[in-house]
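What follows is a set of notes on a single structure, which appears directly below.
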Number of protein chains: 2
Amino acid sequence: MIRLLDDPLRARIIEQLADGPACTCHLVDDLGAKQPAVSHHLRILREAGIVVAEPRGRFTFYRLLPEAIDEAAERLTALADRARSTAGSRRECS
Amino acid sequence: MIRLLDDPLRARIIEQLADGPACTCHLVDDLGAKQPAVSHHLRILREAGIVVAEPRGRFTFYRLLPEAIDEAAERLTALADRARSTAGSRRECS
DNA sequence: TGCTGATATCAGGACAGGCTGATGTGATCC
DNA sequence: GGATCACATCAGCCTGTCCTGATATCAGCA
């Protein structure tokens with residue numbers, strides 16, 4: 001999941017969605033990207049369960065799922081904790 | 001920084017380093033990757049401040065910096081919190 | 001000093017993934 | 001029902017980036 005945030009445009013889409021749900025046209029306007037590119041990334045994020053699509057007539061609103069973000073954050077924290085607790089060990093070289 | 005965890009091999013290197021400091025030869029052995037590839041990623045992680053290199057004679061030990069990981073985790077948590085607090089708003093479509 | 005082993009770097013090829021223009025699909029409005 | 005708008009998808013190009021084989025660097029040891 002972490003690796004889904006790697007793309008610059010994708011990161012900006014997520015930042016934008018963190019400020020509130022938005023439809024594709026908002027994202028296209030605000031980010032200055034082409035519509036197919038935005039749709040492409042939204043599809044990826046949707047399939048990864050990071051955002052959900054809520055069709056409203058001709059528009060499609062996208063909403064960020066905080067649980068998905070939190071899960072990634074917790075995984076990182078666990079990693080950091082593990083590193084801290086093993087910092088003292090030192091393996092031999094063959 | 002998040003985007004530095006996107007590569008599969010890089011992620012495995014970080015996982016490995018979370019279990020304790022290791023030198024390049026350990027990583028090469030454990031991950032089954034070629035040495036230049038491992039060195040390449042270590043350089044990227046080093047320049048990003050995610051790991052530090054500690055030369056010890058002919059060997060170079062690498063250590064994960066938990067603070068860098070924590071910082072990324074906090075940024076994600078902040079993002080999730082922001083999304084939660086703005087979930088109710090809804091922008092108009094032009 | 002010459003040799004060996006551990007890393008780092010370089011150059012080149014290969015592949016994944018993003019971007020764009022064109023097109024398809026529904027929903028709304030007249 | 002036809003036009004239009006918002007959005008999704010498709011096909012093709014293109015760039016970034018990863019991997020590999022070769023080579024350079026540097027420490028330890030005889």
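In the text below, chain A, chain B and the rest are named by the order of the sequence lines, each starting its count at 1.
Every residue was checked against the side chain to side chain donor-acceptor pair (under 3.5 Å) condition with A:D81, not counting sequence neighbours, and none meets it. In this structure, the side chain to side chain donor-acceptor pair (under 3.5 Å) partners of B:E15, at least two apart in sequence or on a different chain, are A:R82. Applying the salt bridge (Lys or Arg N to Asp or Glu O under 4.0 Å) test to A:R91 and every residue at least two apart in sequence or in another chain returns B:D30. Judged as a side chain to side chain donor-acceptor pair (under 3.5 Å), and not counting sequence neighbours, the contacts of B:R75 are B:E71. Residues that satisfy the side chain to side chain donor-acceptor pair (under 3.5 Å) test with B:R90, not counting sequence neighbours, are absent from this structure.
A straight line from CG of B:L27 to P of C:dA8 spans 10 Å, rounded to a whole angstrom. Residue B:H40 contributes atom NE2, which lies 16 Å from atom P of D:dG21 at whole-angstrom precision. In this structure, A:E47 atom CD and D:dA8 atom P are separated by 12 Å, rounded to whole Å. Residue A:I44 contributes atom CD1, which lies 16 Å from atom C1' of D:dC7 at whole-angstrom precision. Going from atom CG of A:L31 over to atom C1' of C:dG18 covers 15 Å, rounded to whole Å. Atom-to-atom, CG of A:L45 to P of C:dG17 comes out at 15 Å; the value is rounded to the nearest Å. Distance B:F59 CZ to C:dT7 C1': 11 Å, rounded to the nearest Å. When rounded to the nearest whole Å, the span between NE2 of B:H41 and C1' of C:dT7 equals 16 Å.
When all heavy atoms of A:G20 and B:T86 are compared, the pair lying nearest together is N-OG1, 3.1 Å. Across every non-hydrogen atom of A:P55 and A:A53, the tightest pair is CD-O, 3.6 Å.
The side chain of B:R46 lies closest to C:dT9, out of C:dT9, C:dC19, D:dC7. Closest to the A:K34 side chain, of the nucleotides D:dC7, C:dC19, C:dG21, is C:dG21.
In terms of position on DNA chain C, the residue among B:Y62 and A:A37 whose nearest nucleotide sits closer to the 5' end is B:Y62. The residue among A:A33 and B:S39 whose nearest nucleotide of DNA chain C lies closer to the 5′ end is B:S39.
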N/O contacts under 3.5 Å, protein versus nucleotides 22-30 of chain C?
none

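The shortest distance between the side-chain N/O atoms of A:R43 and the OP1/OP2 oxygens of D:dA8 is not below 4.0 Å. Side-chain N/O atoms of A:T24 include one lying less than 4.0 angstrom from OP1 or OP2 on D:dA8.
Looking at heavy-atom distances under 4.0 Å, A:F61 makes no contact with the nucleic acid at all. As judged by a 4.0 angstrom heavy-atom cut-off over every strand, B:L9 is placed among residues touching the sugar-phosphate backbone only.
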